[in-house]
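Beneath this line is the structure, given in structure tokens, with notes to follow.
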Amino acid sequence: MASPTPPHCSIASTKPYQPPQPQRVPVNSSSSSSSRNAPPRNPSLPSLGPDFRGKRSTRFVSKMHFNRPRPAVHGGGGGGGASAGFNRAARHTSAAEEALQHVIRGRDDDEGGLERLLSGFERRLSGSEDYLFILRELGNRGELSKALRCFEFAVRRERGVTEKGKLASAAISVLGRLGRADLARRVFEAARTHGYGNTVYAFSALISAYGRSGMSEEAIAVFEEMKGAARLRPNLVTYNAVIDACGKGGVGFDRAVEMFEEMTRDGVRPDRITFNSLLAVCSREGFWEDARRMFDEMVSRGIDRDIFTYNTLLDAVCKGGQVDLALEVMSEMSERNVWPNVVTYSTVIDGYAKAGRLEEALSLFNEMKQLGIRLDRVSYNTLISIYSRLGRFEEALGVVSEMEGSGIKKDIVTYNALLGGYGKQGRYDAIKYLFEDLKAESITPNLLTYSTLIDVYAKGGLYKEAMDIFKEFKEAGLKADVVLYSALIDALCKNGLVESAVALLDEMTREGIQPNVVTYNTIIDAFGKSATFQFQTDGSNVADGSRVIDEVDKEEVRDKEETNQVMKIFGRLVIEKGQPSVEDVKRQSQELLSILGLFHKMHELEIKPNVVTFSAILNACSRCNSFEDASTLLEELRLFDNQVYGVAHGLLMGSREKTWVQAQALFDEVKRMDSATASAFYNALTDMLWHFGQRRGAQQVVLEGKRRQVWENVWCDSCLDLHLMSSGAAQAMVHAWLLEIRSIIFEGHELPKLMSILTGWGKHSKVAGDSTLRRSIAALLEGMGAPFHVAKFNLGRFVSPGSVVTAWLRGSGTLNVLILRDDRTISEREFDPRQDMCALFPS
DNA sequence: GTAGGGTTAG
């Protein structure tokens with residue numbers, strides 16, 4: 001039975017389960033007078049649709065820049081000229097700077113030391129400005145406990161309520177910057193109890209503190225409390241803080257816009273920082289077009305754009321995958337005398353790196369160096385990460401030395417980048433060394449370190465190691481997040497334990513950790529892969545395995561239930577590694593039910609699918625044993641996205657002519673993706689068609705992909721490079737290439753001496769060394785009687801002399817072998833895409 | 001009260 005067709009049928013339209021979205025751009029929303037220069041409003045702003053426009057990153061508070069020194073507000077150095085008295089710009093005395101130096105040198109654990117020190121300076125220090133200076137500087141240096149003690153000392157000796165209030169706001173702000181919203185709250189409460197905390201400043205500082213910790217709900221609650229119980233009127237800074245908090249906490253664009261509208265109603269005029277924060281919200285959500293409109297709105301309102309504006313806009317543009325546009329923005333800012341700085345460059349460089357354009361990223365580094373912009377901690381780490389990802393470890397380590405030479409010590413980000421790089425290359429020796437080294441340097445591994453290691457070990461099949469790391473992670477008292485769980489789930493999936501993966505998904509949900517689209521995509525993509533492995537419920541015949549089980553049992557007594565679940569599942573994985581399966585078919589139908597349940601959960605939780613979801617569903621179809629199962633999965637695809645469904649279903653049913661217009665529109669959308677994402681989609685679609693006998697259709701898709709440069713440099717007269725293609729895509733491509741070569745011959749040209757077909761040997765495969773592609777191409781060539789054979793010393797290369805290929809292609813039966821046909825073709829007039837396909841295809 | 005880096009799916 002066909003379910004009702006949703007009203008919207010284009011890929012850019014709102015998906016069935018999505019609530020209608022309110023207006024997305026705050027401009028023009030309340031009055032028309034302010035919009036005289038505003039760009040014409042586009043009534044069809046891009047929806048928040050899941051598909052190709054939605055952000056691909058799932059991070060909200062991806063980064064918390066705690067402990068980062070704020071830019072100096074007072075000019076010149078802080079060198080306390082002994083006779084200077086007041087530092088005019090800074091409003092603090094030189095005595096304060098002297099005291100600060102002493103406090104910094106003092107030991108952290110010296111009970112009462114700081115208080116004695118400040119007492120000694122007390123007569124020379126001049127009022128709260130000096131204490132504020134010391135407090136803020138301690139904050140800038142990350143001296144949390146000293147800052148707190150300084151605050152307590154100062155607030156005790158201060159008598160004026162206003163002065164005490166200033167100190168409290170500063171302390172709240174400092175604690176917020178250090179990522180301690182909890183302590184900020186305590187200072188805030190104490191200040192209110194003692195009658196000096198009921199100020200707009202204290203409230204604004206606390207809102208900001210929550211914002212920095214990504215706790216936007218708390219920030220909003222404080223904002224409401226301020227207006228309500230505290231009867232205070234938010235000012236510009238308050239509104240800016242709460243808008244910024246909305247963005248940092250990931251409550252989303254709409255909430256930030258609501259705050260903006262409230263601000264306007266309240267008669268508070270937004271300023272540059274308001275817009276900068278709104279831009280940051282766009283950037284985090286990947287709404288680069290909205291960011292651009294916001295930027296234009298600043299222009300029309302006559303609000304200056306500063307380096308923050310440009311850098312945030314650049315970040316939005318890069319996160320939206322428009323790196324080429326980023327370069328335009330960079331030259332525009334220079335024209336307006338806003339000079340790119342180290343943040344500008346690292347933003348754009350990272351954009352290029354994320355788009356896979358690593359060489360261009362590296363050349364931007366050179367440009368930056370030539371401009372005399374010094375690298376800082378972030379840009380060094382970005383550079384190290386790029387070299388690591390490229391596997392260019394010598395250069396990566398060279399940059400590490402350069403960084404240390406310039407006085408910046410390796411931090412956990414440096415190590416994580418290196419661990420990830422070595423991990424991708426399977427360099428477990430280096431990983432082990434690095435992990436010991438970072439501890440020897442007294443650097444504490446964090447959640448990202450553990451996630452990386454677990455992922456690396458699990459992908460490499462080193463389950464014992466993965467388990468040990470997980471144990472250490474639990475012992476460190478860290479809380480798992482969606483990424484770590486997704487890595488664990490992926491490990492299970494990659495080993496065919498889809499049911500266990502689903503169990504772990506439930507487990508994480510019970511733990512209060514929300515799965516995201518990546519988690520779901522992981523499992524969907526694994527559908528049907530379990531055929532290669534099997535559970536062995538009785539592990540007693542595996543000596544090493546029973547030891548692991550014992551360990552797991554001991555854990556059971558003393559550790560939490562959650563840990564146990566994970567350890568149990570992984571314990572089994574250690575034992576069962578690589579047991580071949582017997583009951584594929586039965587398992588698959590069970591799995592199908594699990595996956596269907598998964599789709600329903602996705603709808604329930606309103607998790608937006610993206611293009612990877614679509615590829616995963618298509619890949620799952622390719623692994624279906626029956627056409628019915630595939631059609632069930634495609635039905636789920638239809639509920640997600642009618643356009644993708646329309647194309648996949650149309651081509652599958654053999655309606656090439658009618659479907660092709662729609663397909664072109666779809667491919668235009670896919671073209672906006674980075675090359676890896678785009679090629680994965682083409683690969684998935686082609687594989688599905690190939691698998692179900694639509695070989696001419698598969699070839700049409702593959703040739704379209706080639707035309708659109710989805711796979712770089714696929715073929716020339718002497719060589720066909722298939723190494724980025726899936727098995728179905730590659731096979732369709734072989735046929736197309738040979739036909740092309742054949743026409744060259746029949747035009748009377750001679751072939752090159754040696755003809756090659758490259759498949760690679762599995763280097764690009766997720767499972768190192770897995771050469772499914774090579775095997776399927778070998779079988780294809782043999783099946784069609786093509787004279788290619790495996791090259792000496794290179795397993796991933798098939799070769800044949802040009803003359804031999806010529807002779808074969810001239811053979812009478814060859815053309816017939818080369819031409820592909822579809823199993824199903826439909827008279828285009830009969831074809832109704834909405835009709836249930838099972839009715840059209842009796843199995 | 002505002003900007004950039006490290007982890008998960010293909």
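The basis for the numbers below is simple: all heavy atoms, side chains too, and nothing from hydrogens, waters or symmetry mates. In the text below, chain A, chain B and the rest are named by the order of the sequence lines, each starting its count at 1.
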| request: With sequence neighbours excluded, tell me which residues meet side-chain hydrogen bond (donor to acceptor under 3.5 Å, both in side chains) with Glu404(A). | output: Lys410(A)
| query | Within the structure shown, what part of the strands sits under 4.0 Å from Thr347(A) by heavy-atom distance: base, sugar-phosphate, or nothing? | reply | sugar-phosphate
| field | Qualifying residue, where the test is ring-ring contact (aromatic ring centres under 6.0 Å, His included) with Tyr310(A) and the options are Phe275(A), Phe295(A), Trp339(A), Tyr345(A) | value | Phe295(A)
| said: Heavy atoms only, 4.0 Å cut-off, all strands: where does Thr312(A) land among base, sugar-phosphate and nothing? | reply: sugar-phosphate
| Phosphate oxygens OP1/OP2 of dT7(B): is one of them under 4.0 Å from a side-chain N or O of Lys459(A)? | no
| said: Could you check whether Phe599(A) and Phe640(A) have their ring centres less than 6.0 Å apart? | reply: yes
| query | Counting any heavy atom closer than 4.0 Å, what does Ser451(A) reach on the DNA or RNA strands: base, sugar-phosphate only, or nothing? | reply | base
| query | Is the phosphate of dG10(B), meaning OP1 or OP2, less than 4.0 Å from a side-chain N or O of Lys494(A)? | reply | yes
| Looking at the side chain of Thr452(A), which of dA9(B), dT2(B), dT7(B) is the nearest nucleotide? | dT7(B)
| said: Less than 4.0 angstrom between a side-chain N/O of Arg305(A) and OP1 or OP2 of dA3(B), yes or no? | reply: no
| query | With a non-hydrogen cut-off below 4.0 angstrom, is Asn341(A) in contact with a base, only sugar-phosphate, or nothing? | reply | base
| said: Applying a 4.0 Å non-hydrogen cut-off, can you work out what Thr522(A) is touching in the nucleic acid: base, sugar-phosphate, or nothing? | reply: sugar-phosphate
| message | Just to be sure I understand the rule, does Lys424(A) reach a base, reach only the sugar-phosphate, or reach nothing, if contact means heavy atoms closer than 4.0 Å? | response | sugar-phosphate
| request: Under 4.0 Å between any heavy atoms, over every strand shown, what does Leu236(A) touch: base, sugar-phosphate, or nothing? Just pick one. | output: base
| task | Could you pull out all residues at least two apart from Tyr239(A) that satisfy side-chain hydrogen bond (donor to acceptor under 3.5 Å, both in side chains)? | result | Asp266(A)
| query | Which part of the nucleic acid, if any, lies within reach of Ile412(A) when heavy atoms closer than 4.0 Å are counted: base, sugar-phosphate only, or nothing? | reply | base
| said: What's Ser204(A) touching, base or sugar-phosphate or nothing? Going by heavy atoms closer than 4.0 Å. | reply: nothing
| Under 6.0 Å between ring centres, would you say that holds for Phe393(A) and Tyr422(A)? | yes
| dT2(B), dT7(B), dG10(B): which one has an atom nearest the side-chain heavy atoms of Ala680(A)? | dG10(B)
| message | Under 4.0 Å, heavy atoms only, any strand: does Val342(A) hit a base, just the sugar-phosphate, or nothing? | response | base
